[in-house]
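Since the structure comes first, as structure tokens, the remarks are kept for the end.
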Amino acid sequence: MPELPEVETVRQSLQQKLAGLKFTGAQILMPKVIQTPDPDEFKETITDKKITKVTRRGKYLLIYLNGGFTLVVHLRMTGTLVYGDKDDLVTKHTHVILSLDNGCHLRFADVRQFGRMWLVPATSLSDLPGYKDLGVEPLGEMFTRDYMKKELRRRHARIKPLLLDQTFIAGLGNIYADEALHRAKINPERLATTLTPREIALLYHAIQDVLREGIENRGTTVRDFIDGDGRAGSYQELLRVYSREGEPCSCCGKEITRKKVGGRSSYYCPACQKA
DNA sequence: ATGACGTCCTGCCTGC
DNA sequence: TGCAGGCAGGACGTCA
């Protein structure tokens, strides 16, 4: 699942390929993928627009166009956004094909059809549901130990579901939340309000460490993830708990356990991360 | 304010 | 071997 490091990896690859190119048209094979505007207006608006830069906010990818428009993409679970040759094979999961003025294509594909796109004026980004309420960027300067401390005190929730709450920290998902909790030796079911100052500090650094390492390794490919060039990531080899149920903990040797917390699978070491 | 749950959707895995 | 059914899961909406 694309989380912050995966979306950042896509951003980096696309920024390199797309900056300066112009869209020459759009083929919309699965209309529901585009939330706004309707297909005809989408095609009309995107045609002849030049790409100025590719940025990221949380798990949202932002492709800025001249004329004040932004193409916003959320990959959700299995979405991919890949730059490639116009003659590349179109699979049954390809939903949107954007043509570029160098003869190449930018294609959005998604097996589970959860991913979404929006084409909006850059000034209207805050109108997108979910986007306007995003919390801090965990690798930005607004994310401080003090912010962590205040938010954890304020929110009466278990720590794992809280880490997945995008209005708290933008960009964490199931994989990196589990990895951060393991490094900080915190059980996913602990109430946020019960974390000690030392645990909060450990978690704060663990979150930044796992995200940075994820980006350095160009993301985690558990099943589907590929970047803007179609390449898989390699951070899955360095995961300590996620998808490692039954394997020995790298820290103490005890078996990694899986348990549902807040409706989501949580992988943790019952010895290192005591309740 | 929080949490539980349904919804979206397909491929994979398990069990018979 | 083949089929049915359950499950995974990010975000959002609804309800308690």
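Numbers restart at 1 for each chain; the letters A, B, ... are given by sequence-line order, proteins then strands. All figures in this text were calculated on a predicted structure; none of them were measured in a lab.
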Between A/Tyr204 and A/Glu199, does any side-chain donor sit less than 3.5 Å from a side-chain acceptor?
no
Do A/Leu81 and A/Leu106 have side chains that get closer than 4.5 Å, going by heavy atoms?
yes
Whether over 12 other heavy atoms sit under 6.0 Å from A/His156 NE2
no
Kindly assign one of parallel, tilted or perpendicular to the pair A/Trp118 and A/Tyr60, based on the angle between their ring planes and the thresholds 30° and 60°.
tilted
According to salt bridge (Lys or Arg N to Asp or Glu O under 4.0 Å), does anything in residues 251-266 of chain A pair up with another residue at least two apart or in another chain? List the pairs.
A/Glu189-A/Lys259, A/Glu245-A/Arg258
Would you classify A/Glu3 as touching base, sugar-phosphate or nothing, given that sugar-phosphate means primed atoms plus P, OP1 and OP2, and contacts are heavy atoms under 4.0 Å?
nothing
Its 5'-most and 3'-most nucleotides having an atom under 4.0 Å from a non-hydrogen atom of chain A, DNA chain C is contacted over C/dA8 to C/dC12
For A/Asp229 and A/Val82, which heavy atoms make the closest approach, and how far apart are they?
C-CG1, 4.2 Å
By nearest-nucleotide position on DNA chain C, the 5'-leaning member of A/Tyr60 and A/Tyr242 is A/Tyr242
Short N-O contact, A/Glu137 and A/Arg57, less than 4.0 angstrom:
yes
Whole-Å distance separating the CZ atom of A/Phe114 from the C1' atom of B/dT10
8 Å
Nucleotide by nucleotide, nucleotides 1-7 of chain B touches protein heavy atoms under 4.0 Å in the pattern (B base, S sugar-phosphate only, - none) -SSS---
Describe the nucleic acid contact of A/Thr78 in one word from base, sugar-phosphate, nothing, applying a heavy-atom distance below 4.0 Å.
nothing
Is the NZ or CZ atom of A/Lys49 both under 6.0 Å from the centre of the six-membered ring of A/Phe23 and within 45° of that ring's axis?
no
